[in-house]
Novice: 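Okay, handing you the structure first.
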Amino acid sequence: MAVMQQTPAFLERLAPGLVLLFLMAIACGVYWPGLAGGFLFDDTPNLAPLAQYGGVHDWPTLTNFVLNGFSGPTGRPVALLSFLLDDNTWPSQALLFKHTNLLIHLLVGLLLCWSTLLLMRLWGQSERRCIWVALLNMGIWLLHPYMVSTTLYVVQRMAQLAALFMLVGLAGYLHGRLLLALRPRAAYLWMSASLVLGTLLATLSKENGALLPLLVLVIEFCLPLASRTRAPLPDWRWRAAFLWLPSLAVVGYLLHRVDFNPALWPSRPFNQIERLMSEGRIVWEYLYHLWVPRIEGRGLFQDGYDISRGWLSPPSTLIAAMALAALLCAALLLRRRWPLLSLAVLFFLGAHLIESSVVGLELYFEHRNYAAALFLFLPLAMGLCLLAERVRWPVAAGLCSIVLAMLAWQTWQRATLWGDTERLKNYWAIITPESARAQSHLAIMLFEQGRVAEGMAFLQEAGERLPQSSLLTMQTLLQKVRYGVAVPQDFQLAADQLVQQRFDAQTTAGLRILVGRLLDPGVQAQYREQMLALLARLDQVPAYQSSSVYRRFSPYFQGLLLLSERDIAMAMSKLTEAMGRQVEVEVALSIVGHVGSAGYPQQGLELLEQLRELYPRRFAGRVKGLDAQLRAELDRLEQVLKDDLANVPGAVR
């Protein structure tokens with residue numbers, strides 16, 4: 001930049017490197033308080049499989065953990081593999097995982113700097129301007145408080161790694177693109193390998209990594225005409241194979257998912273049309289908080305987000321949709337005049353194509369912007385650099401420092417809050433009164449503090465305020481059973497409410513906890529009878545029957561309750577049905593174990609025989625590399641049951 005001409009030559013050469021190191025150090029410092037926080041919500045279900053089969057200690061247990069992910073269609077094996085850098089068992093220490101997440105965040109920042117530098121070179125900018133635009137774009141993104149909820153939420157390493165490998169692919173592509181005019185063979189090798197490996201690794205970290213070819217097309221679309229003349233496009237056949245076809249495959253997949261059936265997602269409180277209408281408002285909210293940053297956002301209690309039920313319900317739905325269409329049209333039409341602005345908008349919208357469209361995910365999460373915002377601040381970075389070329393360098397440096405310092409301060413404040421997990425969750429719960437999960441969390445906090453009466457009153461008030469929440473209904477019944485104040489009418493009331501309320505996937509988890517509580521020896525028998533009646537009613541509700549998880553676990557729950565009541569005939573009927581529906585071998589083994597430990601080894605052997613018949617077609621190969629160990633476990637369990645049977649007087653052997 002021109003301002004650098006006012007500084008000594010050696011300082012001009014050293015300044016970019018020193019600034020880069022300084023930004024890395026600042027980022028590390030502002031995030032450091034957040035490393036003290038604990039695990040959150042989705043961390044446990046994703047990391048708890050580390051404990052299966054004694055931890056990850058050999059090749060079979062490694063492949064079992066890495067290749068059996070459930071967070072997306074791919075299973076996200078690259079992200080799961082990365083967790084083994086931190087621990088190979090569970091429970092574990094969150095600090096280990098958060099430390100690695102922070103290192104990944106810094107690495108993503110470095111790759112963003114490199115990618116921006118190459119992009120600016122492709123656009124024909126001067127080398128000084130390329131360097132300082134790259135540093136500023138990286139600094140703004142790296143220090144932005146919106147990235148805290150991705151970096152310090154352990155399981156969102158999946159989003160981090162997807163962004164990292166997308167940038168690896170993009171940087172390699174841009175490097176090859178700059179070589180195209182001089183060394184075409186090397187250029188095509190760089191571009192091809194980078195796109196293939198980057199897209200593959202990004203997708204196996206999180207599915208939105210599949211958008212990399214489309215995002216490269218966005219970059220090419222926004223390339224200024226002067227740059228196209230100086231750096232000609234790759235051959236059309238190469239573009240068709242490596243850019244157009246993969247992009248069309250993603251678009252085709254999304255079009256295939258279009259289904260306006262109102263009952264498409266029984267476990268969601270919205271259908272596909274409502275999701276699409278809501279996402280228009282949400283994208284604008286993302287943009288607002290990215291450009292007008294704040295210390296803490298809505299948090300992870302997002303089940304209460306105001307759903308758009310129509311174009312005027314709320315009225316902002318139509319306004320947001322029209323404004324989004326206008327923004328898209330402006331980005332397309334003005335790409336020649338303001339190419340950087342077009343790139344920022346189109347890259348952001350393109351990166352949201354999977355998570356903010358027709359896929360049945362929850363509506364709102366900040367981490368969806370981790371990759372989408374990579375180039376969102378590029379126009380600001382360029383504007384600051386252009387300004388710096390027209391004023392004295394202390395003024396320019398001071399202005400840039402103010403912007404970065406403001407972001408760093410907000411990020412430090414937010415990371416400090418994230419460092420106190422209970423305080424963080426309580427804060428989220430308080431600011432989201434429309435969230436049933438938040439209200440359930442606050443009630444549990446009251447119970448844990450021994451404030452039982454307050455907790456009961458709070459649940460009653462929350463249930464009246466959120467009458468459609470099956471989660472609050474289950475929580476109320478669970479706490480009444482826990483504290484021994486439930487009466488038969490409570491089960492009847494819960495059943496009446498549940499059949500009228502929207503199905504919540506967490507309701508099944510609540511049923512599992514409640515059934516476990518009812519199996520305790522000191523629990524009144526009438527509770528179990530009422531629970532069996534409640535489950536029988538839910539079995540008739542279409543929303544519950546359309547849930548594969550509920551269908552698998554309902555006969556299991558009923559069988560356990562009947563077993564506890566010593567009604568072995570009915571219990572065996574239900575548990576045999578549950579065994580036939582199971583897809584998890586661990587649950588199937590637990591069914592056998594429950595029956596055997598209840599004093600019915602003969603019936604346990606019958607269920608074990610059913611499991612052996614199911615194993616080859618239902619379970620074999622599902623637990624990668626562990627078939628031999630599981631078959632050995634079946635043999636061990638069989639021997640235990642036979643030994644128990646031998647000790648039963650008068651048993652038929």
Side-chain angles (χ1 to χ4, degrees), residues 16-17 20 74 78 107-135 137-138 161-205 208-252 335-336 339-340 342-343 346-347 350-351 371 374-375 378:
L20 178 63
T74 67
V78 172
L107 182 56
V108 173
L110 288 173
L111 286 167
L112 176 59
C113 185
W114 184 27
S115 298
T116 307
L117 176 67
L118 295 173
L119 179 61
M120 291 296 97
R121 286 174 178 171
L122 183 62
W123 284 37
Q125 302 294 315
S126 68
E127 188 64 15
R128 287 194 184 99
R129 188 181 292 173
C130 290
I131 292 171
W132 290 104
V133 168
L135 285 169
N137 186 54
M138 180 205 74
L161 289 175
L164 184 144
F165 289 119
M166 290 168 78
L167 284 172
V168 168
L170 181 57
Y173 171 83
L174 291 171
H175 177 72
R177 186 76 168 76
L178 289 166
L179 293 175
L180 192 58
L182 301 174
R183 299 166 55 197
R185 185 172 298 180
Y188 281 113
L189 181 61
W190 267 98
M191 292 188 297
S192 303
S194 298
L195 278 177
V196 171
L197 291 176
T199 304
L200 179 63
L201 292 173
T203 305
L204 294 178
S205 299
N208 61 332
L211 291 168
L212 176 58
L214 178 64
L215 297 177
V216 170
L217 282 175
V218 167
I219 290 174
E220 291 289 358
F221 176 78
C222 296
L223 197 65
L225 286 176
S227 300
R228 290 175 182 269
T229 304
R230 184 177 54 257
L233 284 170
D235 183 81
W236 70 268
R237 290 163 295 189
W238 184 91
R239 281 181 284 146
F242 287 89
L243 296 178
W244 286 106
L245 287 178
S247 300
L248 289 173
V250 172
V251 173
R335 67 187 178 101
R336 298 298 183 211
L340 274 181
S342 291
L343 173 61
L346 295 177
F347 192 98
L374 289 171
F375 294 108
L378 197 53

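Keep in mind that this is a model prediction, so the values were computed, not measured.
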Novice: Check A351 against L215 and note the closest heavy-atom contact, atom names and distance.
Specialist: N-CD2, 3.8 Å

Novice: If you take all heavy atoms of A202 and A162, which pair is closest and at what distance?
Specialist: CB-O, 3.6 Å

Novice: Kindly write out the residues that satisfy salt bridge (Lys or Arg N to Asp or Glu O under 4.0 Å) with R237, not counting sequence neighbours, or none if the list is empty.
Specialist: D235

Novice: Identify each donor-acceptor pair in which a side-chain atom of residues 163-176 lies under 3.5 Å from a protein atom, sequence neighbours left out, and give them as a table.
Specialist:
residue : atom : partner : partner atom : Å
Y173    : OH   : E220    : OE2          : 2.4

Novice: Can you check side-chain contact (heavy atoms from CB on, under 4.5 Å) on R335 and L346, steps first, answer last?
Specialist: CA-CA 10 Å; R335 67 187 178 101; L346 295 177; 5.9 Å; no

Novice: Got a second to check how far L217's CG is from L212's CG, nearest 0.5 Å?
Specialist: 10.0 Å

Novice: With sequence neighbours left out, what residues match S247 under side-chain hydrogen bond (donor to acceptor under 3.5 Å, both in side chains)?
Specialist: none

Novice: What's the separation between atom SG in C113 and atom CG in L118, rounded to the nearest 0.5 Å?
Specialist: 9.5 Å

Novice: Restricting to side chain to side chain contact (heavy atoms under 4.5 Å, CB included), what partner residues turn up for T203, sequence neighbours left out?
Specialist: T74, T199, A210

Novice: Side chains of F375 and L119: does their closest heavy-atom pair fall under 4.5 Å?
Specialist: yes

Novice: Nearest 0.5 angstrom please: L214 CG to L248 CG, how far?
Specialist: 9.0 Å

Novice: If the condition is side chain to side chain contact (heavy atoms under 4.5 Å, CB included), which residues does P246 pass it with, not counting sequence neighbours?
Specialist: P213

Novice: For the residue pair L180 and P232, what are the closest heavy atoms and their distance?
Specialist: CD2-O, 3.2 Å

Novice: Taking only residues two or more places apart in sequence, or in another chain, which ones meet T116 in a side-chain hydrogen bond (donor to acceptor under 3.5 Å, both in side chains)?
Specialist: N137

Novice: Who pairs with R121 by salt bridge (Lys or Arg N to Asp or Glu O under 4.0 Å), at least two apart in sequence or on another chain?
Specialist: E127

Novice: With rounding to the nearest 0.5 angstrom, report the CG to CG distance, L135 to L112.
Specialist: 10.5 Å

Novice: In Å and rounded to the nearest 0.5 Å, what is the OG to CZ distance from S194 to F242?
Specialist: 11.0 Å

Novice: Which residue pairs satisfy the salt bridge (Lys or Arg N to Asp or Glu O under 4.0 Å) criterion with at least one member in residues 164-174, sequence neighbours excluded?
Specialist: none

Novice: Going by the rule side chain to side chain contact (heavy atoms under 4.5 Å, CB included), which residues pair with R239 if we only count those two or more places apart in sequence or in a different chain?
Specialist: L233, P234, W236, L243, W244

Novice: Which residues pass the side chain to side chain contact (heavy atoms under 4.5 Å, CB included) test with L225, not counting sequence neighbours?
Specialist: R228, R336

Novice: Could you go through W123 and L340, starting from their C-alpha distance and side-chain angles, then the distance that decides it, and tell me whether this counts as side-chain contact (heavy atoms from CB on, under 4.5 Å)?
Specialist: CA-CA 10 Å; W123 284 37; L340 274 181; 3.6 Å; yes

Novice: Under the side-chain contact (heavy atoms from CB on, under 4.5 Å) criterion, do R177 and I219 qualify, and how do the steps go?
Specialist: CA-CA 12 Å; R177 186 76 168 76; I219 290 174; over 6 Å; no

Novice: To the nearest 0.5 Å, what is the distance between CG (L110) and CE (M138)?
Specialist: 6.5 Å

Novice: Considering only residues two or more places apart or on different chains, which pairs with a residue in residues 183-193 satisfy side-chain hydrogen bond (donor to acceptor under 3.5 Å, both in side chains)?
Specialist: S192-W238

